Colleague: 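Below you'll find the structure I mean.
Side chains are part of it too, since the values below use all heavy atoms of this structure and drop only hydrogens, waters and symmetry mates. Quick caveat: nothing in here was measured; it's all calculated off a predicted structure.
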Amino acid sequence: MSLTIRRARLDEAGLVFSLVRELAEYEKLSHEVHASEADIADALFGASPRLFCDVAEWNGEPAGFAVWFVNFSTFAGSHGIYLEDLFVRPALRGHGIGKALLMHLAKHCLAQGWSRLQWAVLDWNAPSIAFYKSLGAELMDEWTICRVSGAALTALSEGAR
């Protein structure tokens, strides 16, 4: 059995989008996927990409992915990786693919001189929480993610509220 991790290729926007939809289905959030394959292609492979994707292949077949972007900590004074999506197809879990993707990103952080790798996990996802803790991840329970989107984003941009 072999595992390979590599950067997504220009012709794989469809694969990445398919994995996004599989992740959304697993998280019971399919109704929140408004992106298109073209949106993903532009974000990953446009003129100035700010989004990156590493694909894990198990025996030459796509097994999962990590979608991430560079962030910055003013407290640490350094960049890091924010992992937007980590997903391994259910039939291929238990082979160390998720851990290998996280190791790959950790090595990339260190090679760049960056100080952290961070992500969010749904609070109901006990298997993932246990997995992340087993890798040494610190759950930041004192932090709450905030989001402004849709009509609230428009209202905020216009100074309403």
Side-chain angles (χ1 to χ4, degrees), residues 5-58 61-73 79-95 97-102 104-106 108-109 116-135 137-161:
I5 298 175
R6 60 170 177 75
R7 188 64 50 91
R9 296 186 298 257
L10 181 61
D11 64 341
E12 293 182 315
L15 168 64
V16 174
F17 186 58
S18 176
L19 290 166
V20 167
R21 289 189 310 218
E22 288 179 49
L23 170 62
E25 185 176 317
Y26 170 75
E27 293 182 336
K28 300 171 182 58
L29 294 171
S30 293
H31 62 282
E32 291 194 20
V33 177
H34 302 290
S36 68
E37 182 178 327
D39 293 330
I40 299 298
D42 186 53
L44 290 172
F45 308 112
S48 298
R50 293 187 199 122
L51 186 70
F52 306 94
C53 179
D54 295 307
V55 174
E57 291 181 333
W58 184 256
E61 295 298 320
F65 73 155
V67 177
W68 56 276
F69 55 88
V70 177
N71 64 5
F72 187 85
S73 167
H79 288 92
I81 287 178
Y82 186 85
L83 177 60
E84 179 66 20
D85 293 326
L86 176 69
F87 180 70
V88 175
R89 288 179 160 151
L92 295 170
R93 292 181 185 160
H95 296 290
I97 297 167
K99 181 177 180 181
L101 281 163
L102 288 168
H104 177 80
L105 294 177
H108 187 68
C109 277
R116 63 173 62 160
L117 167 60
Q118 64 188 79
W119 62 92
V121 60
L122 291 167
D123 61 3
W124 59 259
N125 194 343
S128 292
I129 290 169
F131 168 63
Y132 298 145
K133 284 182 175 180
S134 78
L135 300 177
E138 175 186 359
L139 272 63
M140 309 289 289
D141 294 330
E142 67 276 12
W143 290 87
T144 301
I145 297 171
C146 298
R147 178 185 296 165
V148 179
S149 60
L153 180 63
T154 301
L156 179 60
S157 76
E158 295 168 350
R161 295 194 186 228

Colleague: Not counting sequence neighbours, which residues clear side chain to side chain contact (heavy atoms under 4.5 Å, CB included) with Ala8? List them please.
Modeller: Glu12, Val16, Phe45, Cys53, Val55
Colleague: Can you classify the ring geometry of Tyr26 versus Trp124 as parallel (below 30°), tilted (30 to 60°) or perpendicular (above 60°)?
Modeller: tilted
Colleague: Looking only at heavy atoms, which two atoms of Ile97 and Ala63 are closest? And how far apart?
Modeller: CD1-CB, 3.8 Å
Colleague: Compare every heavy atom of Ala66 with every heavy atom of Trp68, then report the nearest pair and how far apart it is.
Modeller: CD1-O, 3.7 Å
Colleague: Within the supplied structure, the quantity of interest is the number of heavy atoms (other residues, nucleotides, ligands) at a distance under 6.0 Å from Arg50 CZ; does it exceed 12?
Modeller: no
Colleague: If I take atom OG from residue Ser30 and atom CG from residue Leu23, how far apart are they, to the nearest 0.5 angstrom?
Modeller: 9.0 Å
Colleague: Rounded to the nearest 0.5 Å, what separation is found between the CG atom of Asp54 and the CG atom of Leu86?
Modeller: 10.5 Å
Colleague: So, for Leu122 and Ile129, which heavy atoms are closest and what is the spacing to 0.1 Å?
Modeller: O-CD1, 3.8 Å
Colleague: Between CD1 of Ile5 and CZ of Phe65, what distance do you get to the nearest 0.5 Å?
Modeller: 13.5 Å
Colleague: Over all heavy atoms of both residues, which pair between Val33 and Ala24 is shortest? Give the atoms and the distance, please.
Modeller: CG2-CB, 3.4 Å
Colleague: Can you check side-chain contact (heavy atoms from CB on, under 4.5 Å) on Phe17 and Leu44, steps first, answer last?
Modeller: CA-CA 11 Å; Phe17 186 58; Leu44 290 172; over 6 Å; no
Colleague: Among Phe52, Phe69, Trp119, which residue meets the ring pair (Phe, Tyr, Trp, His ring centres under 6.0 Å) test with Tyr82?
Modeller: Phe69
Colleague: Could you tell me whether a side-chain N or O of Arg93 sits under 3.5 Å from a main-chain N or O of Val88, the two making a donor and an acceptor?
Modeller: yes
Colleague: Which heavy atom of Gly64 sits nearest to which heavy atom of Leu101, and what is that distance?
Modeller: C-CD1, 4.4 Å
Colleague: Between Asp85 and Val20, which heavy-atom pair has the shortest distance, and what is it?
Modeller: OD2-CG2, 4.4 Å
Colleague: Would you give me the side-chain donor-acceptor pairs under 3.5 Å for residues 138-154, sequence neighbours excluded?
Modeller:
residue, atom, partner, partner atom, Å
Thr154, OG1, Gly150, O, 3.4

Colleague: Do Gln118 and Asn71 touch side chain to side chain, with heavy atoms closer than 4.5 Å?
Modeller: yes
Colleague: If a pair satisfies salt bridge (Lys or Arg N to Asp or Glu O under 4.0 Å) and one of its residues is in residues 20-31, list it, with sequence neighbours excluded.
Modeller: Glu22-Arg89
Colleague: To the nearest 0.5 Å, tell me how far Ser36 OG sits from Asp42 CG.
Modeller: 9.0 Å
Colleague: Are Phe131 and Val121 side-chain neighbours, meaning at least one heavy-atom pair lies under 4.5 Å?
Modeller: no
Colleague: Evaluate the criterion side-chain contact (heavy atoms from CB on, under 4.5 Å) for residue pair Tyr132 and Leu102; output intermediate values, then yes/no.
Modeller: CA-CA 10 Å; Tyr132 298 145; Leu102 288 168; 4.1 Å; yes
